[in-house]
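Read through the structure below, which is laid out as structure tokens, and then see the notes.
Being a predicted model, the structure only gives us computed values, none of them experimental.
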Amino acid sequence: MNNFAYQSQKPEVVAPKIEEILRKDLGCTQPLPFSVDAQDAPNDGMLGAILKDSRAYLFGGKEKLLFTVNFDLDKPQPATIHVNVNRQGIACHAGSVVFSTHISKTVKGEVSLEGPKMFGTSKFVGEPDACAKLNSNKALLVLVDKFARTKSDIGGGMKMERFVKMEPSPEGATLVIISLPRATSMGMSATTDASQFFEIAQLLEQML
């Protein structure tokens with residue numbers, strides 16, 4: 001059973017199990033290289049600040065970070081995935097998952113996604129021109145609304161604020177989405193749905 005909840009808190013035990021799930025989610029046949037960061041993320045611009053946020057206010061300070069498992073991917077496009085692992089008693093579970101990649105199309109200003117709605121699908125807000133283009137694609141809105149989860153049953157239940165952000169960067173834009181893992185097979189296994197992140201990135205680029 002590999003459901004993102006583990007009886008050990010040792011990175012050398014837990015990190016390979018997280019890699020196993022992510023490799024399956026991405027349909028990779030070869031193991032994914034990873035590193036483990038037990039320290040706070042450096043504040044090296046937007047992504048560094050976001051990593052700190054994903055470990056703190058997104059959970060209202062209720063989650064205690066043990067370490068972060070970092071993946072730098074080349075395929076299907078260059079991207080980074082950070083899986084935060086949180087303490088649960090003498091055990092641990094995967095918490096927020098931070099996805100980021102570069103978009104080759106430029107945006108004039110920051111774009112984000114509305115919080116979950118009781119009725120209807122959330123839309124992009126922020127820089128008007130980009131939002132108009134992105135909001136015209138209903139399939140994109142449905143996909144990103146579903147992918148950017150704010151609730152999860154893993155670890156006894158987690159909740160966080162929605163985080164979908166795209167902002168200008170050299171020669172394009174940076175896309176960052178923070179989500180939560182999803183339990184499958186009646187809680188016996190779990191997924192990050194990582195392949196959907198790349199679908200979203202490709203659709204965003206096409207629409208811009």
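- Note that the CE atom of M207 and the NZ atom of K133 stand 9.0 Å from one another [nearest 0.5 Å].
- Under a cut-off of 6.0 angstrom, the local environment of NZ in K105 is crowded, with over 12 non-hydrogen atoms contributed by other residues, nucleotides or ligands.
- Under a cut-off of 6.0 angstrom, the local environment of CG in D153 is sparse, with at most 12 non-hydrogen atoms contributed by other residues, nucleotides or ligands.
- For C131 against V111, the heavy-atom pair with the smallest separation is SG-CG1, 4.1 Å.
- When atom types are taken as modelled, the side chain of T106 and the backbone of G172 share no donor-acceptor pair closer than 3.5 angstrom.
- No donor-acceptor pair under 3.5 Å is formed between the side chain of N70 and the backbone N or O of F34.
- A donor-acceptor pair under 3.5 Å is formed between the side chain of T101 and the backbone N or O of P78.
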Inset, instruction - Start with the C-alpha gap between I200 and F147, add the side-chain angles, then the distance that decides, and say whether side-chain contact (heavy atoms from CB on, under 4.5 Å) holds. - result: CA-CA 9 Å; I200 291 167; F147 175 74; 3.7 Å; yes

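- The two residues V97 and V83 have their closest heavy-atom pair at CG1-CG2, 4.1 Å.
- In plain terms, the two heavy atoms of E20 and N2 that are nearest each other are OE2-ND2, 3.4 Å.
- Inter-residue side-chain proximity for T150 and L180 is flagged as unmet; no heavy-atom pair is nearer than 4.5 Å.
- When each of K146, E199, R149 is tested with D193 by the rule side chain to side chain contact (heavy atoms under 4.5 Å, CB included), just one qualifies, namely R149.
- Across all non-hydrogen atoms, the minimal contact from R87 to H93 is O-CE1, 4.2 Å.
- Between M160 and S96, some side-chain heavy-atom pair lies under the 4.5 Å cut-off.
- Using a 4.5 Å heavy-atom cutoff, the side chains of L65 and V85 are not in contact.
- In this structure, H82 NE2 and T80 OG1 are separated by 3.5 Å, a value rounded to the nearest 0.5 Å.
- Side chains of S104 and E205: a donor on one and an acceptor on the other come within 3.5 Å.
- Side-chain N/O atoms of R162 and S122 include a donor and acceptor closer than 3.5 Å.
- The backbone N or O of G89 lies less than 3.5 Å from a partner atom in the side chain of Q9, making a donor-acceptor pair.
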Legend entry - Verdict with reasoning, N84 to F67, per side-chain contact (heavy atoms from CB on, under 4.5 Å): CA-CA 6 Å; N84 291 319; F67 53 87; over 6 Å; no

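- At least one donor-acceptor pair closer than 3.5 Å links the side chain of H102 to the backbone N or O of E171.
- L208 contributes atom CG, which lies 4.5 Å from atom CG of L134 (distance to the nearest 0.5 angstrom).
- Under 3.5 Å, the side chains of T68 and D37 contain no donor-acceptor pair of N or O atoms.
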Legend entry - Working for side-chain contact (heavy atoms from CB on, under 4.5 Å), residues V13 and Y6: CA-CA 9 Å; V13 174; Y6 308 109; over 6 Å; no

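- Within the 4.5 Å cutoff, side-chain heavy atoms of T192 are placed close to those of L22.
- A190 approaches T184 most closely through the heavy-atom pair N-OG1, 3.4 Å.
- Remark: S100 OG to I81 CD1 distance equals 8.5 Å, nearest 0.5 Å.
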Inset, instruction - Applying side-chain contact (heavy atoms from CB on, under 4.5 Å), run through F163 and I177 and close with a yes or a no. - result: CA-CA 6 Å; F163 194 105; I177 299 179; over 6 Å; no

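- A distance of 7.5 Å separates CG in N3 from CE in M188, rounded to the nearest 0.5 Å.
- No salt bridge links K117 with D145; every basic N to acidic carboxylate O contact stays at or beyond 4.0 Å.
- When all heavy atoms are compared, the tightest approach of S179 to F99 is CB-CE1, 4.4 Å.
- A donor and an acceptor atom, one from each side chain of D25 and T191, are located under 3.5 Å apart.
- A 4.5 Å side-chain heavy-atom check between L204 and F124 finds at least one atom pair inside the cut-off.
- Of the inter-residue distances, the one linking E127 atom CD with E110 atom CD reads 11.0 Å to the nearest 0.5 angstrom.
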